[in-house]
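Reviewing the structure listed below.
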Amino acid sequence: MPLHDKFGRAITDLRISITDRCNYKCVYCRTGNEGALYGDLPFADYLRMARVLVGMGITKVRLTGGEPLLRNGVVDFVRELSRTRSSNHDPLDIALTTNGHLLADLAQPLKDAGLTRVTVSMDAVDPDRFARITRVQNGYDHVLAGIRAARRAGLWPLKVNCVLMRGFNEDQIIPFGMFAREEGVTVRFIEFMPLEEDRKWAPSTVVPLEEIVARMAEYRPLVEIPHARSETARRYRFEDGVGEIGIIAPVSHPFCGHCSRIRITSDGKIRTCLFSVWDHDLHAQMKRGATDEELAEFIRGVVMKKEERHHIGEPDFVPASRTMVHIGG
Ligand code: SAM
């Protein structure tokens, strides 16, 4: 019986943060003063958690962080993970979310180890703006090289995610449209959510879906194409068929009703929602010697507590107990 929550949602998608450290200090995400706040676990522990969860119906595992490529041994971990088979022997879909800074040298080894696809976060296509956002000099060239190496390695589909913030980078919408067409990648714009370390979010900072579509149409019209129900992004093609754009709009068009995700933090806690105000210590269960069946029982109980929806922008909104960089986006 696949894993379901009490609202009938099937839980098929696992995200594991393999480190709380990050080499970028994106201004909308981190204060720039805090380093890692949480530890990480030996890969063998994440592997055991993933195997138990795959046995319960997880079909996709996304590695994230912090910055996952900072973790030594990530290629071997992907190789081990890719040997995990679901109960019907299907190979696991293994994805990675990265800032791309270290991807150029790792794309091919990761592909060879069994990584299926990659999403690169990139919030500007202008190198100076990119440096101001990430607070790292010359990062843009590394990331572009990483994207091109991922494409050469056949890590496909290749997605580039851009978080838009009003007054900050919404002028990058059209340049990103051009980038999608020139580089042959899917560019996905993400609405900014209240998950940053220094609580800058306000409704007015969000650039909503309709505005993104309208702005892009000034460059070239977009045609909406079908997306899977559980897919977070609405998908669009340019009218001439060249280039794909996605928009992830958790604020203006929430998709909680189709959420299929749970997350494991770098220190082994389960989070049932980005906006959870508590987490559930799976690693503590392992440390006290729980069997795989006991872990599965614990996970089933946790999943039953999955929140129905987020409350962004509502008067009763309570900030999440961890910010994005410490959860794993
Ligand atoms: N370091 C990796 C990376 O850059 O992709 C993985 C971790 S990062 C926290 C994951 C994603 O979360 C990035 O695409 C980042 O832009 C996004 N993110 C961070 N803070 C966010 C926020 N407040 N709202 C929406 N997305 C956010």
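None of these values were measured; they are calculated from a predicted model. Just so you know, ligand 1 is whichever comes first in the structure, and atom 1 is the first atom listed for that ligand.
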| Which ligand 1 atoms, with their elements, are less than 4.0 angstrom from a heavy-atom of M193? | 22 (C), 23 (N), 24 (N), 25 (C)
| query | Does any donor atom in the side chain of R62 or T119 lie under 3.5 Å from an acceptor atom in the other side chain? | reply | yes
| task | Establish, for the pair R48 and F43, whether the NZ or CZ atom is under 6.0 angstrom from the six-membered ring centre and no further than 45 degrees off its axis. | result | no
| At the 4.0 Å heavy-atom cut-off, does Y28 count as touching ligand 1? | yes
| query | How would you list all residue pairs meeting ring-ring contact (aromatic ring centres under 6.0 Å, His included) that involve residues 220-267, not counting sequence neighbours? | reply | Y219-F238
| Should we count CG of D105 as having more than 12 external heavy atoms under 6.0 Å? | no
| Less than 6.0 Å separating the ring centroids of H326 and Y38? | yes
| Got a sec, which residues hit ring-ring contact (aromatic ring centres under 6.0 Å, His included) with F168, two or more places apart in sequence or on another chain? | none
| query | Which part of I327 is near ligand 1, with near meaning a heavy atom under 4.0 Å away: side chain, backbone, both or neither? | reply | neither
| Do you see a donor-acceptor pair shorter than 3.5 Å between the side chains of D128 and Y140? | no
| Hey, looking at atom 14 (O) of ligand 1, which of S17, G66, S121 has the closest heavy atom? | S121
| note | With heavy atoms and a 4.0 Å threshold, my read on which part of V163 contacts ligand 1 is side chain
| task | Could you list which atoms of ligand 1 come closer than 4.0 Å to a heavy atom of G329? | result | 10 (C)
| said: What protein heavy atom lies closest to atom 18 (N) of ligand 1? Include the residue and the distance to one decimal. | reply: M324 CG, 3.7 Å
| query | Which of the numbered atoms in ligand 1 are below 4.0 angstrom from a heavy atom of T64? | reply | 6 (C), 7 (C)
| field | Under 4.0 Å to a heavy atom of C29 - the qualifying atoms of ligand 1, by number | value | 19 (C), 20 (N)
| Quick one: does E191 get an N or O within less than 3.5 Å of an N or O on ligand 1? | no
